[in-house]
Amino acid sequence: MSRQVLTLPRYRELAEVLVREVRADYAPGDLLPTEAQLAERFAVNRHTVRRALDELVAAGMVTRHQGRGTQVVDRRLDYAVSAGSKVTQNLAGLGLPSTTCCLEQGLVTPPEAIAQRFGRPASEPLLRVDTVRTVDDAPLMRLRHWFDPERVPDWLARYRGGSTRALLTQHYGLQLHRRRVRIDAVGADRDDTRWLQCPLNAPLLVMTSDNTDADGVLVEVSVGRARADRLSYHIDFDEDDT
């Protein structure tokens, strides 16, 4: 019986070489050599190079930009969403230390939808805390926290940045849990372009969470705007949930 030897097409072989090199030698944002340079290096025609790069594009490893070339994309962080998950702990679990900078905070008249969540009239101010979270010195998400100010007295004197959950636990004895989560896709606005360093209308994931105390009383509504090219969410359900 004859034995047939299976070989990969040349473009697939080239794609596998490029995958290994991108993972080992390139950082997010780096540009690959041009198609002409790759064709000369590997002694193939540009059509073969283009098909190989198509494989990397399909795998989400690179993107093509007209006039700029082929660019390595940022690694997406897999963020687990559960009732008790915390941003800082999630990132630390991935081996990624993060920092949180406070952009602005104070008592502010909330949007009507936020006031309704707290069962308050829209004219009654809530505590608003705006932060930006960075990983590897690159911005990942903007967070807007709305708090019931009666539950966090003297917050403005205590918070200067870092984990809001840590401060809630340390000074207020509050362990918050997500009661409800909504995730939307939006385009980046001008504030996003400034703080997240992304293009205008770049895709963002917006997660709005109602966070309650142990008795189920709403303490915080958080709204996180995350770069969709740097983060993806997965949601875990307990086996006992119905």
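- Counting heavy atoms of neighbouring residues, nucleotides and ligands inside a 6.0 Å radius, atom NE2 of H47 does not exceed 12 of them.
- For A122 against A115, the heavy-atom pair with the smallest separation is CA-CB, 3.8 Å.
- In this structure, CG in L126 is found 11.0 Å from CZ in F147, a value given to the nearest 0.5 Å.
- At a threshold of 4.5 Å between non-hydrogen side-chain atoms, the residues L204 and D192 count as touching.
- Taking CG of L38 as the start and OG1 of T48 as the end, the distance is 11.5 Å to the nearest 0.5 Å.
- At least one side-chain heavy atom of L14 sits less than 4.5 Å from a side-chain heavy atom of V49.
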Start with the C-alpha gap between D189 and R225, add the side-chain angles, then the distance that decides, and say whether salt bridge (Lys or Arg N to Asp or Glu O under 4.0 Å) holds. CA-CA 11 Å; D189 61 25; R225 300 171 67 87; 3.7 Å; yes

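- Note that OG of S98 and CE of M141 are 9.0 Å apart. Values are rounded to the nearest 0.5 Å.
- Other residues, nucleotides and ligands contribute only 12 or fewer heavy atoms inside 6.0 Å of the CZ atom of R182.
- Inter-residue side-chain proximity for D130 and L143 is flagged as unmet; no heavy-atom pair is nearer than 4.5 Å.
- Between P111 and W146, some side-chain heavy-atom pair lies under the 4.5 Å cut-off.
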Is there a side-chain contact (heavy atoms from CB on, under 4.5 Å) between L53 and E35? Walk through the geometry before answering. CA-CA 9 Å; L53 291 175; E35 291 182 0; 4.0 Å; yes

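- The hydrophobic cluster containing Y26 also contains V17, counting ILVMFWY residues as joined when their side-chain heavy atoms lie under 4.5 angstrom apart, directly or transitively.
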Before you tell me yes or no, could you show the steps for V129 and R144 under side-chain contact (heavy atoms from CB on, under 4.5 Å), namely the whole-Å CA-CA distance, both residues' side-chain angles and the distance that decides it to 0.1 Å? CA-CA 6 Å; V129 181; R144 172 160 289 179; over 6 Å; no

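- Screening N211, L174, D148 against V219 for a side chain to side chain contact (heavy atoms under 4.5 Å, CB included) leaves a single residue, L174.
- Residues forming a side-chain contact (heavy atoms from CB on, under 4.5 Å) with E13 (at least two apart in sequence, or on another chain): L8, R10.
- Considering every non-hydrogen atom in both R178 and S209, the closest pair reads NE-OG, 3.2 Å.
- Here the shortest heavy-atom pairing between D154 and Y172 reads C-OH, 3.7 Å.
- If you take CG on L231 and CE on M207, they are separated by 8.5 Å, rounding to the nearest 0.5 Å.
- With rounding to the nearest 0.5 angstrom, the CZ atom of R41 is 12.0 Å from the OG1 atom of T34.
- No path of Ile, Leu, Val, Met, Phe, Trp and Tyr side chains, each step under 4.5 Å between heavy atoms, connects V223 with I183, placing them in separate hydrophobic clusters.
- Scanning all heavy atoms of the two residues, the minimum distance from A188 to C198 falls at CB-SG, 3.7 Å.
- Looking only at atom types and distance, the side chain of T100 has no donor-acceptor partner in the side chain of T131 under 3.5 Å away.
- Counting heavy atoms from C-beta on, the side chains of L127 and V152 come closer than 4.5 Å.
- Here the options are R151, Q175, H177, the test is side chain to side chain donor-acceptor pair (under 3.5 Å), and the partner is D213; only R151 passes.
- A donor-acceptor contact shorter than 3.5 Å links the side chain of D30 to the backbone of A27.
- Residues V108 and P125 form no side-chain contact, since every pair of their non-hydrogen atoms from C-beta on lies 4.5 Å or further apart.
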Please determine whether side-chain contact (heavy atoms from CB on, under 4.5 Å) holds for the pair R12 and E55, giving the CA-CA distance in whole Å, both sets of side-chain angles, and the decisive distance to 0.1 Å. CA-CA 8 Å; R12 291 289 302 278; E55 297 288 304; 3.8 Å; yes

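- The main-chain N or O of Q197 is found under 3.5 Å from a side-chain atom of R227 such that the two form a donor-acceptor pair.
- Between E16 and V19, every side-chain heavy-atom pair lies at or beyond the 4.5 Å cut-off.
- Annotation: ring pair (Phe, Tyr, Trp, His ring centres under 6.0 Å) contacts of Y159 (sequence neighbours excluded): W155.
- Distance OG1/T134 to CH2/W195: 12.0 Å, rounded to 0.5 Å.
- Between P149 and L107 the shortest heavy-atom distance is CB-CD2, 4.0 Å.
- Cluster membership check: F42 shares its hydrophobic cluster with V22, using side-chain heavy-atom separations under 4.5 Å among Ile, Leu, Val, Met, Phe, Trp and Tyr.
- Proximity of a side-chain donor or acceptor of R68 to a complementary backbone N or O of R64 within less than 3.5 Å is not detected.
- Checking T212 against R179 by side-chain atom types alone, no donor-acceptor pair falls below 3.5 Å.
- A cation-pi arrangement is absent between R50 and Y11 under the rule of less than 6.0 angstrom and at most 45 degrees off the ring axis.
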With side-chain contact (heavy atoms from CB on, under 4.5 Å) as the test, would you mind laying out the steps for V181 and T208 before giving the verdict? CA-CA 6 Å; V181 171; T208 303; over 6 Å; no

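- Residue L205 is not grouped with residue L196 when hydrophobic side chains (ILVMFWY) are merged at heavy-atom distances under 4.5 angstrom, including chains of intermediate members.
- Annotation: side chain of R133 is not in contact with side chain of R142 (no heavy-atom distance under 4.5 Å).
- Heavy-atom contacts from other residues, nucleotides or ligands closer than 6.0 Å to CD of E40 number 12 or fewer.
- Residues L156 and L168 share a hydrophobic cluster, clusters being chains of Ile/Leu/Val/Met/Phe/Trp/Tyr side chains in contact below 4.5 Å.
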